K.L.:
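After the structure tokens below, expect a handful of questions from me.
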Amino acid sequence: MLLPNILLTGTPGVGKTTLGKELASRSGLKYINVGDLAKEGQLYDGYDEEYDCPMLDEDRVVDELDNQMTEGGVIVDYHGCDFFPERWFHVVFVLRTNTSELYKRLETRGYNEKKLKDNIECEIFQVLYEEATASYKEEIVHQLSSNNPEELESNVNQILKWIEQWVKVHNS
Ligand code: ADP
Ligand code: MG
């Protein structure tokens, strides 16, 4: 059976992981967190002093995932999207969260002032939405509001319906 690949992207803290895991458990699709994958395989190629985090070795991440992505049925979670092959994804969801709500979530994570400010600006200037529309066909890029549990539930249901529809169309 043909299954779609879904990209969940957006600023850190918008709820990609929460949504991705819930979707995977309710759809049977496989969930891949690119940050965790990189950590496990040490897929890094340097350290970003300014942002105080290791730099992803994007080529190795792509190599690592390519076979699974070609098979289909994968939900990918990452706060970046311009280095994935365009052919991987059938749909891209950019999660969006209000500034005050996002601030609270990131503060709870213990982010320092600079990291807080950078991520809040990233959300205000819709950096990930623009990266997504620059990297994929606009008609497959959708924004999802992710401010509260009701929106989470509605996003899950909406994507489950999208999957069901995609599967029907591509397996008949
Ligand atoms: P990301 O993976 O995008 O960094 P997470 O899924 O880790 O974000 O979510 C960040 C925090 O926000 C977590 O504490 C999570 O429980 C909470 N959260 C995620 N989505 C929602 C939502 N729709 N409403 C309220 N809280 C949420
Ligand atoms: Mg996450």
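Start at 1 and go down the list; that is how both ligands and their atoms are numbered. All values derive from a computational prediction rather than experimental measurement.
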K.L.:
Give a yes/no verdict on whether any heavy atom in Gly10 is under 4.0 Å from an atom of ligand 1.
P.N.:
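Gly10 does not count as a contact of ligand 1 under the 4.0 Å cut-off.
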K.L.:
Starting from atom 23 (N) of ligand 1, what is the nearest protein heavy atom, named by residue and atom, and what distance separates them?
P.N.:
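It is Asn148 O, 3.0 Å.
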K.L.:
With a 4.5 Å heavy-atom cut-off, do Val62 and Pro85 have their side chains touching?
P.N.:
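The answer is yes, as the side chains (C-beta and beyond) meet within the 4.5 Å cut-off.
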K.L.:
With a 4.0 Å cut-off on heavy atoms, is Arg105 touching ligand 1?
P.N.:
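True for this residue.
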K.L.:
Quick one: does Leu19 get an N or O within less than 3.5 Å of an N or O on ligand 1?
P.N.:
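No; every N/O pair is 3.5 Å or more apart.
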K.L.:
Answer yes or no for atom 14 (O) of ligand 1: protein heavy atom present at a distance under 4.0 Å?
P.N.:
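Protein heavy atom within 4.0 Å of atom 14 (O) of ligand 1: absent.
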K.L.:
Asp82 side chain to Ser135 main-chain N or O, any donor-acceptor pair under 3.5 Å?
P.N.:
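No.
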K.L.:
Could you check whether Lys117 pairs with Glu121 (Lys NZ or Arg NE/NH1/NH2 to Asp/Glu carboxylate O, under 4.0 Å)?
P.N.:
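Result for this pair is yes, salt bridge flagged.
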K.L.:
For the residue pair Tyr78 and Phe83, does the interplanar ring angle fall in the parallel (under 30°), tilted (30 to 60°) or perpendicular (over 60°) class?
P.N.:
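Taking Phe83 first and then Tyr78, their aromatic rings stand perpendicular (interplane angle over 60°).
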K.L.:
Considering distance alone, does some N or O of Thr17 sit under 3.5 Å from an N or O of ligand 1?
P.N.:
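Yes; at least one N/O pair falls below 3.5 Å.
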K.L.:
Does Lys104 pair with Glu101 as a salt bridge, N-O distance under 4.0 Å?
P.N.:
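Looking at Lys104 and Glu101, the cut-off is met.
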K.L.:
For ligand 1, find out whether one of its N or O atoms is nearer than 3.5 Å to an N or O atom of Glu101.
P.N.:
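Such a contact does not occur with ligand 1.
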K.L.:
Do Val167 and Leu2 sit in the same hydrophobic cluster, where Ile, Leu, Val, Met, Phe, Trp and Tyr count as joined when their side-chain heavy atoms come under 4.5 Å apart?
P.N.:
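Yes, same cluster.
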K.L.:
For ligand 1, indicate whether the residue Arg109 contacts it via side chain, backbone, both or neither (heavy-atom separation under 4.0 Å).
P.N.:
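The answer is the side chain.
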K.L.:
What atoms of ligand 1 come within less than 4.0 Å of a heavy atom belonging to Pro12?
P.N.:
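Numbered from 1, ligand 1 contributes 4 (O).
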K.L.:
Please assess Ser145 against Asn147 for the test side chain to side chain donor-acceptor pair (under 3.5 Å), listing each intermediate value before the final yes or no.
P.N.:
CA-CA 6 Å; Ser145 185; Asn147 294 299; 3.1 Å; yes
K.L.:
Are any of the N/O atoms on Gly15, whether in the backbone or the side chain, positioned under 3.5 angstrom from an N/O atom of ligand 1?
P.N.:
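There is such a contact, yes.
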K.L.:
Does a side chain donor of either Thr17 or Asp77 reach within less than 3.5 Å of an acceptor in the other side chain?
P.N.:
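Thr17 vs Asp77: donor-acceptor pair found between side chains.
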K.L.:
May I ask you to check whether Thr18 has an N/O atom sitting below 3.5 Å from an N/O atom of ligand 1?
P.N.:
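Between Thr18 and ligand 1 (N or O atoms, distance only) the closest approach is under 3.5 Å.
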K.L.:
Between Glu22 and Arg26, does at least one N-O distance fall below 4.0 Å, as a salt bridge requires?
P.N.:
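Answer for the salt bridge query: yes.
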K.L.:
Please state whether the separation between the Mg ion (ligand 2) and some N/O/S atom of Thr18 is under 2.8 Å?
P.N.:
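Of the N, O and S atoms in Thr18, none lies under 2.8 Å from the Mg ion (ligand 2), which means no.
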K.L.:
Just jot down the ligand 1 atoms closer than 4.0 angstrom to any heavy atom of Pro149, in number order.
P.N.:
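Result: 24 (N).
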